[in-house]
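Numbers restart at 1 for each chain; the letters A, B, ... are given by sequence-line order, proteins then strands. The model shown is predicted, which means the values in this text are computed figures rather than measured ones.
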Number of protein chains: 2
Amino acid sequence: MARTTMEDVAKAAGVSRALVSLAYRNASGVSESTRARILSTGNQIGYVHNRIAASLASTKPASIGVFLQDLHNDFFADVYDGIREIAEPKARQLVLSVGSRNHDRDASSLGTLEGAQVGTIIAAGLRMADSDALAHSQRTPLIAIARHIPGVDSVYSDNVFGGQLATEHLLQLGHRRIVFLANPPTDGYLGRREGYETSMLEAGLKPRVIESTYARSDAAEIATELLADTEAPTAIFAHNDQAALGVLDALAARSLVPGQDVSVIGYDNSSVSNTPGTALTSIDLHALELGREATRLALRRFENPDLEPQLVTSTPSLVLRATTGPVST
Amino acid sequence: MARTTMEDVAKAAGVSRALVSLAYRNASGVSESTRARILSTGNQIGYVHNRIAASLASTKPASIGVFLQDLHNDFFADVYDGIREIAEPKARQLVLSVGSRNHDRDASSLGTLEGAQVGTIIAAGLRMADSDALAHSQRTPLIAIARHIPGVDSVYSDNVFGGQLATEHLLQLGHRRIVFLANPPTDGYLGRREGYETSMLEAGLKPRVIESTYARSDAAEIATELLADTEAPTAIFAHNDQAALGVLDALAARSLVPGQDVSVIGYDNSSVSNTPGTALTSIDLHALELGREATRLALRRFENPDLEPQLVTSTPSLVLRATTGPVST
DNA sequence: TTGTAGGCGTTATCAC
DNA sequence: GTGATAACGCCTACAA
């Protein structure tokens, strides 16, 4: 059976095909009553608006591409909620693309979105160099979330400040041997590390940075080694909540109590960090708001593609929970 | 500037447009060397294969639609991983659609996928009546995950068995006042409740079912009321992990220790349940495998659309953690 | 391998 | 509001 088309709807409703088209786009030029009639008869004969054909024929792209690094990280779910909240009322279709475990494939994820002819791409957690992202944005406008890419629309969260916030919180609790579990250096969130180092140096302490990944298990392994050390840290600052959970795993395995024996602070304030029993102290990125702002930027760029690169800055805040406490004597 | 098309690539590479088309679909009829040459020149002049146009022109749909109920629930992320694992090597593009907070909109989520002209839809966590899902599957083949819809391809997990598994675990620990925090009756996962009731009746006990939602906060509220009761339950079986977390929230607020003061068991064995400190006892649905099987069904249906409705059954298992323990005297 | 003709289901435009 | 026609960028089929 051939798919039912607008032609069929037009015949069934006794109107022209052009009118059906207008009705389904709820464009002006159709009276509300006939619009309703058309849609209902379309519904009856089982017609669904073919977005593929529509998108091909339309001169201007209508959809927004969304890249999310990882579906297992609640932070990105929050971001998505924020995006949807703004995009939906504007009838902008969202096309999703999810990152893979290995960084290199983020580029092909963006390629998928380009292939879907999205007008703009909102990218949360993109793991590629600034220069590559910039190159991509030349083809399809990009909007970076939680990161500032020069020349690219960015909804930035002040990572340096966040890094300082976390570090100074630990310093005030009396910690001196504070380790930073760093994110991979490719990902553009280097500010967190910078903030950590700045605060440590200002306090006259020597920073100790150990590189980790996004995998919780990797963080757990590293933490296990750290804790076995004679110079074991009294506090660990993880580059994100996922990694912090890994650290907590390691503590649990040694029956150490977070916040008492060792302090742990994460970054993102994702929902898991608020799990009862976990109660992870974290830096709140305000993910929802980041998503909203990015979408507002995207809409603005639809209207005016030649706008200067936009920059929105958001300031993270400290969320105190149970995993940080005074240094144990 | 007009988008670069296959025409441009053909000119630049000095070949015919038809050959470029074959090259990008990596179909046969192009030698490996010229294929490589075409792709590289295409890359140089900034061409991206327009999937929209391709999909419109192609007679057979190539993409798989994926509906995920909730990005905040890690279970669905696991399912997605399983889907991708199978779909990617087959070069099947995945089109995602995420459910909204209110159930009624699941239908329109499916509509979005149909509009994208997917050949098949894998739906995880669909909240609609069997009859509605069946009607939908008439238009675009549907594959239901973790649920059996008569007449629709289903990768089913034995919910009745899972419900019994959870209940009997609690019974063996000596619990008698066991409450089931039920899922909304519309969602097709009623087997969990049925299993609970069966096991309770077999043990000569009176089932006590209280209806809840998918929201963690709702579960927390209900649990708070329950615990204040004079006939407070000694164990609570929640219809999924999200709801179980809500129960744990309620316990934490009253400084009750899960597994000691009150036992709590969830359902899904999502990654959060494995969070250190949470350690939620749960029923494992084997999400990853569910996703894999669903995708295998989808591929099979692409090959043979007239297949009888397929049914794959998977058996859940109990994962013991810290939130269940012997009834306190 | 090439070239060409035809079509996929819409949108865009214009005269009516 | 109606028709009719020309795109949109690609796939399909076929003849060369």
Distance, rounded to the nearest Å, where Leu22(B) contributes CG and dG3(C) contributes P: 13 Å

Quick one: is dG9(C) close enough that its OP1 or OP2 comes under 4.0 Å of any side-chain N or O from Tyr24(A)? no

Nearest heavy-atom pair of Leu71(B) and Leu68(A): which atoms, and what distance? CD2-CD1, 4.2 Å

What's the closest nucleotide to the Ala53(B) side chain, out of dT10(C), dG3(D), dG9(D)? dG9(D)

Verify the contact: side-chain N or O of Thr5(A) to OP1 or OP2 of dC8(C), cut-off strictly under 4.0 Å; return yes or no. no

Measure the distance from CD on Gln117(A) to P on dC8(D) and round it to the nearest whole Å. 13 Å

Starting from the 5' end of DNA chain C, give me the residue, Arg17(B) or Leu56(B), whose nearest nucleotide shows up first. Arg17(B)

I need the CD1-P distance between Ile38(A) and dT2(D), as an integer number of Å. 7 Å

Expressed as a whole number of angstroms, how long is the span from Lys11(B):NZ to dG9(D):P? 13 Å

Spatial distance of atom CG (Asp81(A)) from atom NE2 (His72(B)) [nearest 0.5 Å]: 3.5 Å

4.5 Å side-chain heavy-atom contact, Arg139(B) and Leu110(B): no

Earlier contact from the 5' end, DNA chain C, for Thr34(B) and Met6(A): Thr34(B)

Touch check for Leu19(B), heavy atoms < 4.0 angstrom, all strands: base, sugar-phosphate only, or nothing? sugar-phosphate

Counting the atoms with a prime plus P, OP1 and OP2 as sugar-phosphate, which does Ser31(B) contact under 4.0 Å by heavy atoms, base, sugar-phosphate, or nothing? sugar-phosphate

Arg35(B) CZ to dT1(C) P, straight-line distance once rounded to whole Å: 13 Å

Mind calculating the distance between CZ (Arg51(A)) and C1' (dT11(C)) to the nearest angstrom? 13 Å

For atom CD of Glu7(A) and atom P of dT2(D), their distance in whole Å: 13 Å

Could you write out each protein N or O paired with an N or O of nucleotides 12-16 of chain C at a distance under 3.5 Å?
from: dA12(C); atom 1: OP2; to: Arg25(A); atom 2: NH1; distance (Å): 2.5

At their closest point, which heavy atom of Thr295(A) faces which heavy atom of Ile83(A), and how far apart are they? OG1-CA, 3.2 Å

Figure out the CD1/C1' separation between Ile52(B) and dC10(D), and round it to whole Å. 11 Å

Aromatic ring pairing His49(A)/Tyr24(A), orientation class (parallel under 30°, perpendicular over 60°, tilted between): tilted

Does the side chain of Met6(A) reach to within under 4.5 Å of the side chain of Ser21(A), using non-hydrogen atoms? yes

Is there a side-chain contact between Ser154(A) and Leu311(A) in this structure, where contact means two heavy atoms from C-beta onward sitting under 4.5 Å apart? yes

